[in-house]
Amino acid sequence: MHWADFTAQRLKLECGENLVAASGITPSGEFHIGHLREILSAEMIHRACLDAGLNSRYIFIVDSMDPLRKVYPFLSKEYEQYIGYPLANIPAPNPDGTPSQGGVSYAEHFLEPFLEALRQIGVSPEIVMNHQTYENGEFAGKINAAIENSNEIRGIIEEISGRELPDEWFPFKPLGSDGSMDGVTVTEYEKPYVHWTDRHGKSGSADIRKAEGKLPWRIDWAARWGIHGITCEPAGKDHGASGGSFDTGLPICRILGDKPPAKMVYEWIQLKGSGPMSSSTGNTIGPIEALSLVPPEILRYLIAGSKMNKHIDFNTGPALFQMADEYERLVANPPTGSDDELNKRQRVARDTQVAALRLSQVSHGADPSDSLAGVSFRHLAMLAQIKSSDDDIWASLFESGHIFEPNPSNALKDRLSRMRYWINSVHFPDDARIVIQSKLTEDARSNLDEGQMNFIANLKQSISGISWNEKQISKTIMDSINASNIPAREAYAAIYWAVLGQRFGPRASSLLVEIGSEKLEQLLP
RNA sequence: GGGCCUGUAGCUUAGUCAGGUAGAGCGCCGGGCUUUUAACCCGGUGGCCGUGGGUUCGAAUCCCAUCAGGCCCGCCA
């Protein structure tokens, strides 16, 4: 059974019919595709719950109340002054990293493009800006409870995380006179006010019913489970580590009077060969960039087709062919077979794959076969490189029997436009790239024997001046083959050596049409 | 130091939670499409399931140990 369906079943037993799945991300910088796993893990469980006939909501909590931790490499020095301020309260950076005037907040600035990516990938969560939850007083009850149970919570954090908390630790971090929560010390609690003094020596009070401070992360997380009635929130393995925030969150949530969701941890997505993704090291690919290369259903399939505890290598190079073609193959030939004729393992495999396909669809409930392009990535990559006109590609696919009507489906048009983008990007693998030579290379010449050289010479002669279309070119090639008296296989190999510098290639006539007669004449010896 | 995950065919892996004769895709090899689209179709090759013990009638699957790789625990998902 698929992990999402399995979880839905378990949630039904443990939590009943009304479920809330959640994700939470701090918008401290550009989002990357790693965040997509956070989102999609929860969203797929949400969909699985709906599919199981349960009532389910999916909320995406944006940690807009989290403070700016440090001046990231993409920020200018001016951001020094904003360290410790909630992300909702500071200005967005300009492209050069300097703070902008007016306009949206830092949190919204980074959130907006991510939401666009979510839209494209078919995720439509209820969005909760965490600072608003503080502003409208929904946190007040939990903050009060946390303060009243301060000692117990301190004990939990110290014991489970093994961390020692300073004496002045307090389960609420008020904003000081300048709006930063750094260097602020709590002096007294007088419900609903937390009195403080800050690093400038000033003192004041924070109303726990307004966004005048926040709970520390480990408590904040536990509190929101109760506030939103969250029954499921998969967390990254950083939170899942022993002694991590999940482990402390569970008992803290109970102290605050609520039933916590079950611990659920997902592995990270890594960029092939370069380790975990990190905004600060620049080792990252944004969701938008990923979506410009990979169709959304295939990106979803990357997550849906992997078990939660397996790390995923995201590779925008050769592995993309494999992943895309695997998806295509599955959609074209979904696993079949009745329970009787399959053994247990085969049934599990079948059900898991069918579910992965179901969950990969951009629209919930859509028929997977609507996303069928009908042609492999590899083949499309080849066509896209040798044909500059989209219409020529549709014609070719129709002729070769890949598609059954001259007009392409939307799925196919979509594939091609992403394919062209990929080919023009640095990500496209070199060995899939068709490179037209400008002259006969040494390497090519050494691979050609006398007969092949004669054939090339013959071809060059007879091809000049013919009307430049596939039929004529094809005919001319065959005439030259016959005239040269060498096997056709060798003749074609000769063409590929001359034109591409390698032994194989796409259909010669299609290739030559695109090259053009002039360029070909210069190229052939 | 504490902990987590992974290790199955050349490669990517399913199957591990609920033990019952090792599945798939890619690659590769051969053939077909009667002179090639890197397409497409058919067939075939290939695994003492990291290692060593234990439990069991029976272990890839459960338990213990061990090796290797990756990662987390300073709120980066």
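Hydrogens, waters and symmetry mates play no part in the numbers below; they use all other heavy atoms, side chains included. Order of the sequence lines fixes the chain letters, A, B, ..., with proteins taken first and strands second; residue numbering starts at 1 for each chain. Just so you know, these numbers come straight off a predicted model, no measurement behind them.
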Distance, P atom - from B/C62 to B/G15, rounded to whole angstrom: 13 Å
Whole angstrom value for the distance that separates P of B/C76 from OH of A/Tyr106: 13 Å
Integer-rounded Å distance: B/G69 P and A/Glu267 CD: 17 Å
Heavy-atom donor-acceptor pair, A/Arg154 side chain to A/Phe170 backbone, under 3.5 Å: no
Candidate nucleotides B/A39, B/G74, B/G25, ranked by approach to the side chain of A/His379 - the nearest: B/A39
Sugar-phosphate only, base, or nothing, as touched by A/Arg329 at under 4.0 Å among non-hydrogen atoms: sugar-phosphate
Spacing of the P atoms in B/A60 and B/C48 (rounded, Å): 13 Å
Integer angstrom distance from the C1' of B/G70 to that of B/C29: 35 Å
Touch class at under 4.0 angstrom, heavy-atom based, for A/Met478 against every strand present: nothing
Sugar-phosphate only, base, or nothing, as touched by A/Leu511 at under 4.0 Å among non-hydrogen atoms: nothing
Toward the 5' end of RNA chain B, by each residue's nearest nucleotide, A/Ala494 or A/His311: A/Ala494
Any strand: nucleotide that pairs with B/C40 via Watson-Crick or wobble, under 3.5 Å: B/G32
A/Pro86 vs A/Met181 side-chain heavy atoms within contact, under 4.5 Å: yes
Side-chain ion pair, A/Arg418 and A/Glu297, N-O less than 4.0 Å: no
Pair assignment for B/G69, Watson-Crick or G-U wobble, requiring both distances under 3.5 Å: B/C5
Heavy-atom donor-acceptor pair, A/Tyr106 side chain to A/Ser28 backbone, under 3.5 Å: yes
Nucleotide paired to B/C49 in any strand shown, Watson-Crick or G-U, under 3.5 Å: none
Selected nucleotide, minimal atom distance to A/His32 side chain, candidates B/C76, B/U35, B/C75: B/C76
Atom-pair distance (CZ on A/Phe321; C1' on B/G27), nearest Å: 15 Å
Closest listed nucleotide, where the reference is the side chain of A/Asn309 and the choices are B/A77, B/A14, B/C5: B/C5
Sugar-phosphate only, base, or nothing, as touched by A/Ala381 at under 4.0 Å among non-hydrogen atoms: nothing
P spacing across the pair B/G7 / B/G46, given as an integer number of angstrom: 24 Å
Rounded distance in Å between the C1' positions of B/C75 and B/A65: 36 Å
C1'-based separation of B/A14 from B/G47 [nearest Å]: 14 Å
Integer angstrom distance from the C1' of B/C33 to that of B/U16: 44 Å
Phosphate OP1/OP2 of B/G15: any A/Lys307 side-chain N/O under 4.0 Å: yes
Watson-Crick or G-U counterpart of B/A60, or none if no pair lies under 3.5 Å: none
B/C4 phosphate, OP1 or OP2, under 4.0 Å from A/Lys310 side-chain N/O: no
Length of the CD-P vector between A/Glu470 and B/U37, whole Å: 10 Å
Sugar-phosphate only, base, or nothing, as touched by A/Ile434 at under 4.0 Å among non-hydrogen atoms: base
Nucleotide of B/A77, B/U35, B/C75 approaching A/Asn482 most closely (side-chain heavy atoms): B/U35
Sugar-phosphate, base or nothing in reach of A/Ser509, heavy atoms under 4.0 Å: nothing
Lys NZ or Arg CZ of A/Lys307 over A/Trp3 ring: under 6.0 Å, within 45°: no
Integer angstrom distance from the C1' of B/A9 to that of B/G50: 15 Å
Short side-chain N/O contact to B/A39 OP1/OP2 from A/His402, under 4.0 Å: no
N/O donor-acceptor pair under 3.5 Å between A/Trp468 side chain and A/Val513 backbone: yes
Residue A/Asp238, side-chain atoms from C-beta onward, closest of B/C71, B/C76, B/U35: B/C76
Touch class at under 4.0 angstrom, heavy-atom based, for A/Tyr327 against every strand present: nothing
Whole-Å gap separating C1' (B/A38) and CG (A/Leu397): 14 Å
Options B/A14, B/C75, B/C76, nucleotide nearest the side-chain atoms of A/Pro67: B/C75
Electrostatic pair A/Glu328-A/Arg378, nearest N-O below 4.0 angstrom: no
